[in-house]
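These notes concern the structure reproduced below.
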Amino acid sequence: MHKPSFPVAPGETACISLEGPVGPLEVLVDLPKADVPVQPIVAIICHPLSTEGGTLHNKVVTMTATTLRELGIATVRFNFRSVGGSAGEFDHGVGEQEDLKAVTAWVRQQRPDDRLWLAGFSFGAFVSLKAAAELQPEALISIAPPAGRWDFGGITPPARWLVIQGEQDEIVDPQAVYQWLDTLDAPHELVRMPDTSHFFHRKLIDLRGALIHGVKHWLGTAA
């Protein structure tokens, strides 16, 4: 049985404060429930745009965390600088990458034998994609990556990369996402969700299904 080293019991949530690049970072840690077989994986999940109300409590972020915990994966959510209990000012994705790197360093210190997954929704997808080359996650989940709105140049996603995009997204242009993906050599699995808006209104259960179907074959095997 894989023994957790995070400051939290299975099925409970720990809210902690980490020292980030510009001050404290607010972090939530969740382990799978005690009756779920534990995977040696930690997934760090990044929230949408800070200046538009994005936080670690966003419903898409929360559903992603809940779904991954159902699969036996420990999850870590955190607020980027300037959000909630995290210090600093919004930095257009640059400083936010440094925040993600600080959280990742802590996760790897706490769980050095675990595999690292990154996930992000909208702006969080952008931040996690930009940081992936340095952080080298085993897998990456990008939900509504805002292609055409932010500079995605120089990204290096891992071989295991799941992209989920709503077909009726009113904020991120789905066609811009599909065209951007077509320009990349990186392998990926794209899930197009029909009749689905940016925030997955009335589609969160469908998102759960897409996540489970998309990642379950990654479990139990290292990349």
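- In this structure a side-chain-to-backbone donor-acceptor pair under 3.5 Å is present from Asp99 to Arg81.
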*Go through the steps for Leu71 and Gln39 under the test side chain to side chain contact (heavy atoms under 4.5 Å, CB included), then give the verdict.*
CA-CA 8 Å; Leu71 296 172; Gln39 296 286 336; 5.7 Å; no
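- For the pair Val22 and Ser86, the minimum side-chain heavy-atom distance is 4.5 Å or more.
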*Going through the distances and angles, do Asp91 and Glu96 end up as a side chain to side chain contact (heavy atoms under 4.5 Å, CB included)?*
CA-CA 7 Å; Asp91 196 28; Glu96 286 79 5; 3.6 Å; yes
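- Placement of Val127 and Leu140 within a single hydrophobic cluster is found when ILVMFWY residues are connected by side-chain heavy-atom separations under 4.5 Å, directly or transitively.
- Nearest heavy-atom pair across Gln168 and Asp195 is CG-CA, 3.6 Å.
- Val83 and Val61 fall into different hydrophobic clusters, where Ile, Leu, Val, Met, Phe, Trp and Tyr are joined by side-chain heavy atoms under 4.5 Å apart, directly or via other members.
- The two residues Pro48 and Phe123 have their closest heavy-atom pair at C-CB, 3.8 Å.
- Aromatic ring orientation, Trp180 versus Phe152: tilted (interplanar angle from 30° to 60°).
- Cation-pi geometry between Arg149 and Phe126 is not met: the NZ or CZ atom fails to fall both under 6.0 Å from the ring centre and inside 45° of the normal.
- Side chain of Gln97 to main chain of Gly93: a donor-acceptor pair is present (N/O by atom type, distance under 3.5 Å, no hydrogens or angles).
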Side chains of residues 203-210: which donor-acceptor partners sit under 3.5 Å, not counting sequence neighbours?
residue: Arg208; atom: NE; partner: Glu70; partner atom: OE1; Å: 3.0
residue: Arg208; atom: NE; partner: Glu70; partner atom: OE2; Å: 3.4
residue: Arg208; atom: NH2; partner: Glu70; partner atom: OE1; Å: 2.9

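- Contact annotation: the side chain of Arg108 approaches that of Leu116 to within less than 4.5 Å [non-hydrogen atoms, C-beta and beyond].
- Between Pro194 and Arg192 the shortest heavy-atom distance is CD-O, 3.3 Å.
- The shortest distance between side-chain heavy atoms of Pro145 and Gln165 falls below 4.5 Å.
- Heavy-atom minimum distance, Ser128 versus Leu118: O-CD1, 4.1 Å.
- Considering CD1 of Ile41 and CZ of Arg115, their distance stands at 4.0 Å, rounded to 0.5 Å.
- Within the 4.5 Å cutoff, no side-chain heavy atoms of Pro158 are placed close to those of Glu138.
- Formation of a donor-acceptor pair under 3.5 Å by the Glu167 side chain with backbone atoms of Pro174 is not found in this model.
- We find the CZ-CD1 distance between Phe121 and Ile141 to be 14.0 Å, quoted to the nearest 0.5 Å.
- Enclosure of atom NE2 in His213 is not indicated, since only 12 or fewer non-hydrogen atoms of other residues, nucleotides or ligands lie within 6.0 angstrom.
- With a 6.0 Å radius and a threshold of 12 heavy atoms from other residues, nucleotides or ligands, Glu89 has its CD atom at or below the threshold.
- Residues Pro40 and Asp113 are not in side-chain contact: their nearest non-hydrogen atoms beyond the backbone lie 4.5 Å or more apart.
- Considering only heavy atoms from C-beta on, Leu100 comes within 4.5 Å of Cys46 through its side chain.
- Atom CE in Met63 sits 11.0 Å away from atom CG in Leu68 (nearest 0.5 Å).
- For the pair Leu129 and Trp161, the minimum side-chain heavy-atom distance is below 4.5 Å.
- Note that CD1 of Ile155 is 7.5 Å distant from OG of Ser142, once rounded to the nearest 0.5 Å.
- Distance check, rounded to the nearest 0.5 Å: NE2 of His47 to OG1 of Thr62 gives 11.5 Å.
- When each of Asn58, Thr55, Asp30, Thr64 is checked for a side chain to side chain donor-acceptor pair (under 3.5 Å) with Arg77, only Asp30 meets the rule.
- Here His92 pairs with nothing under the side chain to side chain donor-acceptor pair (under 3.5 Å) rule; sequence neighbours left out.
- Phe78 and Phe80 have perpendicular rings, their planes meeting at more than 60° on a 0 to 90° scale where under 30° would count as parallel.
- No side-chain heavy atom of Lys59 sits under 4.5 Å from any side-chain heavy atom of Phe200.
- Closest heavy-atom contact between Leu31 and Arg69: O-CD, 3.5 Å.
- Of the inter-residue distances, the one linking Thr75 atom OG1 with Ile45 atom CD1 reads 5.0 Å to the nearest 0.5 angstrom.
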_Set out, in order, the CA-CA distance, both residues' side-chain angles and the distance that settles side chain to side chain contact (heavy atoms under 4.5 Å, CB included) for Thr67 and Val215, then state yes or no._
CA-CA 10 Å; Thr67 303; Val215 308; over 6 Å; no
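- Within a 6.0 Å sphere centred on NZ of Lys33, other residues, nucleotides and ligands contribute 12 heavy atoms or fewer.
- In terms of heavy-atom proximity, Asn79 sits nearest to Gly85 at ND2-N, 4.2 Å.
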*Step-by-step side chain to side chain contact (heavy atoms under 4.5 Å, CB included) determination, Trp150 to Lys130*: CA-CA 10 Å; Trp150 297 85; Lys130 293 291 281 189; over 6 Å; no
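- The backbone N or O of Leu181 lies less than 3.5 Å from no partner atom in the side chain of Thr183, so there is not a single donor-acceptor pair.
- In the hydrophobic clustering, Leu28 connects to Leu56, either directly or through intervening members, whenever side-chain heavy atoms lie under 4.5 Å apart.
- Looking at Ile143, Leu162, Val163 one by one, the single match for side-chain contact (heavy atoms from CB on, under 4.5 Å) with Val191 turns out to be Leu162.
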